[in-house]
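Note sheet for the following structure.
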2 protein chains.
Amino acid sequence: MAALPTDRLGFLLSFRGELTSARIRSALGVAGLHPRNAMTLMRLAPAPMSQRELAAAMEVDPSQLVAILNELEDAGLAERRRDPADRRRHIVEITEAGAAVLDRVDQAVGEAERELFADLTEAEQTLLRGLLDRVVVDPAAHECGE
Amino acid sequence: MAALPTDRLGFLLSFRGELTSARIRSALGVAGLHPRNAMTLMRLAPAPMSQRELAAAMEVDPSQLVAILNELEDAGLAERRRDPADRRRHIVEITEAGAAVLDRVDQAVGEAERELFADLTEAEQTLLRGLLDRVVVDPAAHECGE
DNA sequence: TATTGTTATACTCTATAACTATA
DNA sequence: TATAGTTATAGAGTATAACAATA
């Protein structure tokens with residue numbers, strides 16, 4: 001007899017992940033930004049990089065970045081400038097306004113997390129983090145005895 | 001300064017949930033079924049029900065069920081029949097062939113879970129389940145002191 | 001010839017509203 | 001008139017391939 005979806009740990013993790021993702025997307029959009037644009041600002045905050053590097057970091061196709069960066073640039077939150085060393089490249093950089101918006105986004109995400117994990121103590125949150133870190137990301141590594 | 005996505009428990013849960021979801025979807029498709037069709041068979045296995053009940057249980061719009069059930073019926077895995085008591089209603093039922101396919105799907109999902117949680121002991125998996133169960137699903141309930 | 005960014009296209013998913021047949 | 005199921009349509013999201021500029 002087949003187990004019900006809710007009985008399985010895999011489904012539970014999948015559903016709670018989807019719930020969490022929805023709440024965080026909602027928080028990311030707090031400044032009127034599309035969630036993926038906010039994610040892009042987050043990736044961009046530590047250091048400028050080329051579009052290809054950014055696309056690789058975000059695990060999306062470079063062509064998808066074009067529309068995102070157009071919107072961020074139109075809103076004055078990020079800037080593209082040619083790399084003088086290789087004029088094919090665009091160096092993408094977050095602006096001051098972008099950093100300011102990102103601060104607000106970050107606070108909203110923190111607030112969403114406080115709500116989501118309100119019933120867990122700090123120790124339990126640390127425990128949850130540790131367990132999630134040990135979910136197997138790459139099954140191939142296991143088969144090879146890694 | 002904004003925290004990196006990977007530093008936040010919310011993002012970690014969201015990303016591991018997405019990973020888990022992708023693995024499970026892949027397992028659900030093992031019998032050549034579309035993952036959402038396999039999910040429908042799962043919901044249908046315990047007892048027959050009307051399309052509206054099924055849609056409510058799966059949290060999708062009733063109109064989305066139509067194509068799913070058409071495919072399941074064409075494949076001989078589920079059947080619609082009119083409710084004699086209310087001829088507007090369709091009672092949806094899993095067939096013997098559907099139950100057989102579901103058994104294979106269920107094994108594949110179990111296998112995917114064993115891979116995903118290979119690094120966790122049984123006790124740790126129970127712990128993870130308990131923690132995930134306490135992630136706050138309904139923020140409104142908290143604000144009202146529930 | 002290969003690489004960076006861009007554009008164009010098509011395909012899937014989802015959400016919505018209109019339609020039918022029954023009640 | 002309200003409800004169950006169906007159909008049609010449009011929108012967002014995503015994946016792919018072709019393209020222009022530069023190396």
Side-chain angles (χ1 to χ4, degrees), chain A residues 14-15 17-19 21-26 28-29 32-41 43-44 47-75 77-94, chain B residues 14-15 17-19 21-22 24-26 28-29 32-40 43-44 47-74 78-94:
Chain A
S14 171
F15 293 160
E18 176 52 39
L19 171 78
S21 174
R23 291 287 180 79
I24 288 190
R25 279 197 308 273
S26 165
L28 288 174
L33 251 59
H34 194 298
R36 71 185 169 197
N37 295 11
M39 288 293 291
T40 306
L41 282 186
R43 288 287 180 177
L44 226 42
M49 62 184 95
S50 77
Q51 290 189 205
R52 282 204 102 78
E53 289 171 311
L54 188 54
M58 300 183 63
E59 293 180 326
V60 302
D61 194 90
S63 67
Q64 290 180 291
L65 261 185
V66 177
I68 295 173
L69 292 179
N70 287 347
E71 290 169 16
L72 287 177
E73 230 173 6
D74 288 348
L77 306 178
E79 279 177 3
R80 281 183 269 220
R81 51 187 168 74
R82 287 273 168 206
D83 182 348
D86 181 344
R87 294 187 39 76
R88 292 173 303 183
R89 276 198 174 83
H90 280 158
I91 304 293
V92 190
E93 196 167 14
I94 193 171
Chain B
S14 173
F15 293 161
E18 178 51 39
L19 171 79
S21 175
I24 287 190
R25 279 198 307 272
S26 165
L28 289 173
L33 250 57
H34 195 296
R36 71 185 170 196
N37 295 11
M39 287 293 289
T40 305
R43 287 285 180 177
L44 225 41
M49 62 184 95
S50 76
Q51 289 188 206
R52 281 204 103 79
E53 290 171 311
L54 187 53
M58 299 183 64
E59 293 179 327
V60 300
D61 194 89
S63 67
Q64 290 179 293
L65 260 185
V66 178
I68 296 173
L69 292 178
N70 287 347
E71 289 169 19
L72 287 176
E73 230 172 6
D74 288 348
E79 278 177 4
R80 280 186 269 221
R81 52 185 169 73
R82 288 273 169 206
D83 182 348
D86 182 343
R87 292 186 41 74
R88 292 173 301 183
R89 275 198 175 82
H90 280 157
I91 304 294
V92 190
E93 196 168 14
I94 193 170

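The chains referred to below are lettered A, B, ... by the order of the sequence lines, with proteins before strands, and numbering in each begins at 1.
Residue B/R89 contributes atom CZ, which lies 11 Å from atom P of C/dA23 at whole-angstrom precision. In this structure, CG of B/D83 is placed 17 Å from P of D/dT3, rounded to the nearest angstrom. When the C1' atom of C/dT14 is taken as reference, atom CZ of A/R25 falls 13 Å away, rounded to whole Å. Between the CD atom of A/Q64 and the P atom of C/dT4 there is a distance of 17 Å, rounded to whole Å. Protein atom CG of A/N37 is 14 Å distant from nucleotide atom C1' of D/dA12, rounded to whole Å. Distance, A/E79 CD to C/dG5 P: 16 Å, rounded to whole Å. A straight line from CD of A/E53 to P of C/dG5 spans 9 Å, rounded to a whole angstrom. Rounded to whole angstrom, the span from the CD1 atom of A/I68 across to the C1' atom of C/dT6 amounts to 14 Å.
When the nucleotides C/dT6, C/dT16, D/dG13 are ranked by their closest atom to the side chain of A/H90, C/dT6 comes out on top. When the nucleotides D/dT6, D/dT22, C/dC13 are ranked by their closest atom to the side chain of B/P62, D/dT6 comes out on top. Comparing D/dT7, D/dG5, C/dT6 by their closest approach to the side chain of B/Q51 singles out D/dG5.
Side-chain contact between A/R36 and A/M58 is absent, with no heavy-atom pair separated by less than 4.5 Å.
Using a 4.0 Å cut-off between charged side-chain N and carboxylate O, A/E53 and A/R43 make no salt bridge.
Mapped onto DNA chain C by nearest heavy atom, A/N70 and A/D86 fall at different nucleotides, with A/D86 at the one closer to the 5' end.
No hydrogens or angles were tested; on distance alone, a donor-acceptor pair under 3.5 Å links the side chain of A/R88 to the base of C/dT3. Side-chain atoms of A/S50 stay outside donor-acceptor range of the base of C/dT4, with no qualifying N/O pair under 3.5 Å.
An OP1 or OP2 oxygen of D/dA12 is reached within less than 4.0 angstrom by no side-chain nitrogen or oxygen of A/H34. Considering only side-chain N and O atoms, B/R52 lies under 4.0 angstrom from the phosphate OP1 or OP2 of D/dA4. Of the side-chain N and O atoms in B/R80, one or more sit less than 4.0 angstrom from OP1 or OP2 of D/dT6.
Formation of a donor-acceptor pair under 3.5 Å by the B/S26 side chain with backbone atoms of B/A22 is not found in this model.
Within a 6.0 Å radius of CD in A/E18, more than 12 heavy atoms belonging to other residues, nucleotides or ligands are found.
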Could you give me the CA-CA distance, side-chain angles and deciding distance for A/L41 and A/L33, then say whether side chain to side chain contact (heavy atoms under 4.5 Å, CB included) is met? CA-CA 10 Å; A/L41 282 186; A/L33 251 59; 3.8 Å; yes

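B/D61 comes within 4.0 angstrom of a nucleotide base, judged by non-hydrogen atoms across all strands.
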